[in-house]
K.L.:
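Take a look at the following structure, please.
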Amino acid sequence: MFWSRPKCQGLTFVGVVRDHLDMKEGPDITRIGAMIGDPTRANMLMALMSGRALTAGELAEASGVTAPTASGHLKQMVDAGLLWPRAQGRHRYYALADDDVGHALEALMGLAAAKGHLRTRTGPKDPQLRAARMCYDHLAGAAGVQMFDALAAKNVLGGARDNIAVTAIGDQWIADFGMDANRLRQAKRPLCRTCLDWSERRSHLAGAFGAALMDRMFDLGWITREENSRVIRFSKTGQEAFNAAFPA
């Protein structure tokens with residue numbers, strides 16, 4: 001049965017609409033939306049998508065504002081639960097509060113790209129970011145999508161769409177790659193999670209497994225992170241080993 005618009009007589013329909021608009025149940029997205037929607041705070045959050053903790057001064061530089069202005073924005077985001085502040089020596093460092101924040105930011109980036117909300121001027125590092133980058137704590141970009149597709153083809157990952165899981169074959173593959181599947185399952189976060197890659201418009205792997213794969217590739221010397229950037233660079237031998245492990 002198709003939905004049909006109710007007939008309006010006088011203020012009856014207006015009153016129905018007003019009743020629905022006055023409902024205040026469920027999560028309140030307005031505060032989080034306001035935090036992320038401010039350009040200065042958005043630039044700070046994007047800078048923290050590298051997975052590193054940054055000082056207030058570094059975040060002020062990344063967002064193009066003065067230190068006092070940055071301090072006010074940072075306090076707001078800490079109070080809203082988006083950032084985790086840490087003191088070390090004379091400095092105060094800030095990081096994303098948890099992987100849920102990183103996942104939400106990447107999802108918003110994917111939505112913005114899909115709807116055509118792109119920067120009019122591209123930066124010099126855009127091609128490198130599209131090739132391989134940090135997405136909070138896991139690999140994104142063309143390399144991240146290649147890895148996800150290869151794991152699915154090898155039946156390391158099973159399931160469909162966003163409901164993915166590590167298979168029995170995957171447990172053995174994880175062990176062969178030098179990691180412990182049981183330990184990964186004990187993490188206080190989902191083992192597998194898909195992220196819609198904003199540049200590739202396809203999924204890459206997040207969650208405890210995605211983060212562990214990134215850490216393992218750092219340990220093996222396959223990849224390094226470019227200073228003050230989310231760009232990931234492969235060594236020559238690392239690129240060869242990556243392509244062998246995760247063939248396109």
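When reading the values below, keep in mind they use all heavy atoms of this one structure, side chains included, and skip hydrogens, waters and symmetry mates. Treat the numbers as computed from the prediction; the structure is a model and nothing was measured.
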K.L.:
Once side-chain hydrogen bond (donor to acceptor under 3.5 Å, both in side chains) is applied, do any residues pair with Y136, and if so which ones, sequence neighbours excluded?
P.N.:
none

K.L.:
Is any side-chain heavy atom of F218 closer than 4.5 Å to a side-chain heavy atom of R225?
P.N.:
yes

K.L.:
If the condition is side-chain hydrogen bond (donor to acceptor under 3.5 Å, both in side chains), which residues does D176 pass it with, not counting sequence neighbours?
P.N.:
Q172

K.L.:
Drop me the distance from L111's CG to M109's CE, to the nearest 0.5 angstrom.
P.N.:
12.0 Å

K.L.:
Of all heavy-atom pairs between H103 and C195, which one has the smallest distance, and what is that distance?
P.N.:
ND1-SG, 3.3 Å

K.L.:
Only one of L205, I169, T194, T167 forms a side-chain contact (heavy atoms from CB on, under 4.5 Å) with L157, so which one is it?
P.N.:
L205

K.L.:
Output every pair passing salt bridge (charged side-chain N to carboxylate O under 4.0 Å, His left out) with a member in residues 198-207, not counting sequence neighbours, ordered by first then second residue.
P.N.:
D149-R202

K.L.:
Who are the salt bridge (charged side-chain N to carboxylate O under 4.0 Å, His left out) partners of E58, not counting sequence neighbours?
P.N.:
none

K.L.:
Please name all residues satisfying salt bridge (charged side-chain N to carboxylate O under 4.0 Å, His left out) with D180, sequence neighbours left out, ordered by chain then number.
P.N.:
none

K.L.:
Judged by atom type as modelled, is there a donor-acceptor pair below 3.5 Å linking the side chain of S63 to the main-chain atoms of L59?
P.N.:
yes

K.L.:
Where do G141 and S199 come nearest, in terms of heavy atoms and distance?
P.N.:
CA-OG, 4.1 Å

K.L.:
With sequence neighbours excluded, tell me which residues meet salt bridge (charged side-chain N to carboxylate O under 4.0 Å, His left out) with R41.
P.N.:
none

K.L.:
Give, for atom CZ of R31 and atom CG of D79, the distance between the pair rounded to the nearest 0.5 Å.
P.N.:
6.0 Å

K.L.:
Linking I/L/V/M/F/W/Y whenever their side-chain heavy atoms sit closer than 4.5 Å, directly or via other members, would M179 and L151 fall into one cluster?
P.N.:
yes

K.L.:
So, using ring-ring contact (aromatic ring centres under 6.0 Å, His included) as the criterion, who are the partners of F242 when residues are at least two apart?
P.N.:
F234, F246

K.L.:
For residues L48 and L129: do they belong to one hydrophobic cluster (side chain heavy atoms under 4.5 Å, members Ile, Leu, Val, Met, Phe, Trp, Tyr)?
P.N.:
no

K.L.:
Between the main-chain N or O of C135 and the side-chain N or O of H138, is there a donor-acceptor pair closer than 3.5 Å?
P.N.:
yes

K.L.:
Rounded at 0.5 Å granularity, tell me how far CE in M35 sits from CG in L83.
P.N.:
10.0 Å

K.L.:
Would you say that more than 12 heavy atoms from the other residues, nucleotides or ligands in this model lie under 6.0 Å from the CZ of R185, or not?
P.N.:
yes

K.L.:
Among the clusters formed by ILVMFWY side chains lying less than 4.5 Å apart, do I232 and M49 turn up in the same one?
P.N.:
no

K.L.:
Given side chains that start at C-beta, do those of D38 and M77 come closer than 4.5 Å, heavy atoms only?
P.N.:
no

K.L.:
Within a strict 4.5 Å, meaning less than it, do heavy atoms of the Q76 and L82 side chains meet?
P.N.:
no

K.L.:
Less than 4.5 Å apart, side chain to side chain, heavy atoms only: is that true for M44 and L74?
P.N.:
yes

K.L.:
Can you list the residues that meet the salt bridge (charged side-chain N to carboxylate O under 4.0 Å, His left out) rule with R52, with sequence neighbours excluded?
P.N.:
none

K.L.:
Under 4.5 Å between any side-chain heavy atoms of W198 and L105, yes or no?
P.N.:
no

K.L.:
For the backbone of V101 and the side chain of D98, can you confirm whether one donor and one acceptor N or O come within less than 3.5 Å of each other?
P.N.:
yes

K.L.:
Out of the candidates M134, M217, H204, only one should pair with L139 under the side-chain contact (heavy atoms from CB on, under 4.5 Å) rule; please name it.
P.N.:
M217

K.L.:
What is the distance from atom OG of S71 to atom CZ of R92, rounded to the nearest 0.5 Å?
P.N.:
9.0 Å

K.L.:
What's in the same ILVMFWY side-chain cluster as W84, cut-off under 4.5 Å, chained through other members?
P.N.:
none

K.L.:
I need the minimum non-hydrogen distance between A62 and N43, along with the two atoms involved.
P.N.:
O-CB, 4.2 Å

K.L.:
Of all heavy-atom pairs between I32 and A80, which one has the smallest distance, and what is that distance?
P.N.:
CD1-O, 4.0 Å

K.L.:
Looking only at heavy atoms, what is the nearest atom pair of A150 and P247, with distance?
P.N.:
CB-O, 3.8 Å

K.L.:
Could you work out, with side-chain hydrogen bond (donor to acceptor under 3.5 Å, both in side chains) as the rule, every residue matching Q239, not counting sequence neighbours?
P.N.:
N243

K.L.:
Does the side chain of R133 come under 3.5 Å of the side chain of S229 through a donor N or O and an acceptor N or O?
P.N.:
no

K.L.:
Side chains of V166 and L184: does their closest heavy-atom pair fall under 4.5 Å?
P.N.:
no

K.L.:
If we only count heavy atoms from C-beta on, is the D137 to D215 side-chain gap below 4.5 Å?
P.N.:
no

K.L.:
I'd like to know whether I174 forms a side chain to side chain contact (heavy atoms under 4.5 Å, CB included) with F209, so could you lay out the CA-CA distance, the side-chain angles of the two residues, the decisive distance to 0.1 Å, and finally the verdict.
P.N.:
CA-CA 9 Å; I174 290 172; F209 187 19; 3.7 Å; yes

K.L.:
Search all heavy atoms of A97 against all heavy atoms of G81 and return the closest pair with its distance.
P.N.:
CB-O, 3.2 Å

K.L.:
Any side-chain heavy atom of F177 sitting closer than 4.5 Å to one from L213?
P.N.:
yes

K.L.:
By side-chain hydrogen bond (donor to acceptor under 3.5 Å, both in side chains), which residues pair with D219, not counting sequence neighbours?
P.N.:
none

K.L.:
Give a yes or no on whether V145 and V156 share a hydrophobic cluster (residues Ile, Leu, Val, Met, Phe, Trp, Tyr; joining criterion: side-chain heavy atoms under 4.5 Å apart).
P.N.:
no

K.L.:
With rounding to the nearest 0.5 Å, note down the distance linking CD in E61 to CG in L54.
P.N.:
10.5 Å

K.L.:
What's in the same ILVMFWY side-chain cluster as L196, cut-off under 4.5 Å, chained through other members?
P.N.:
none

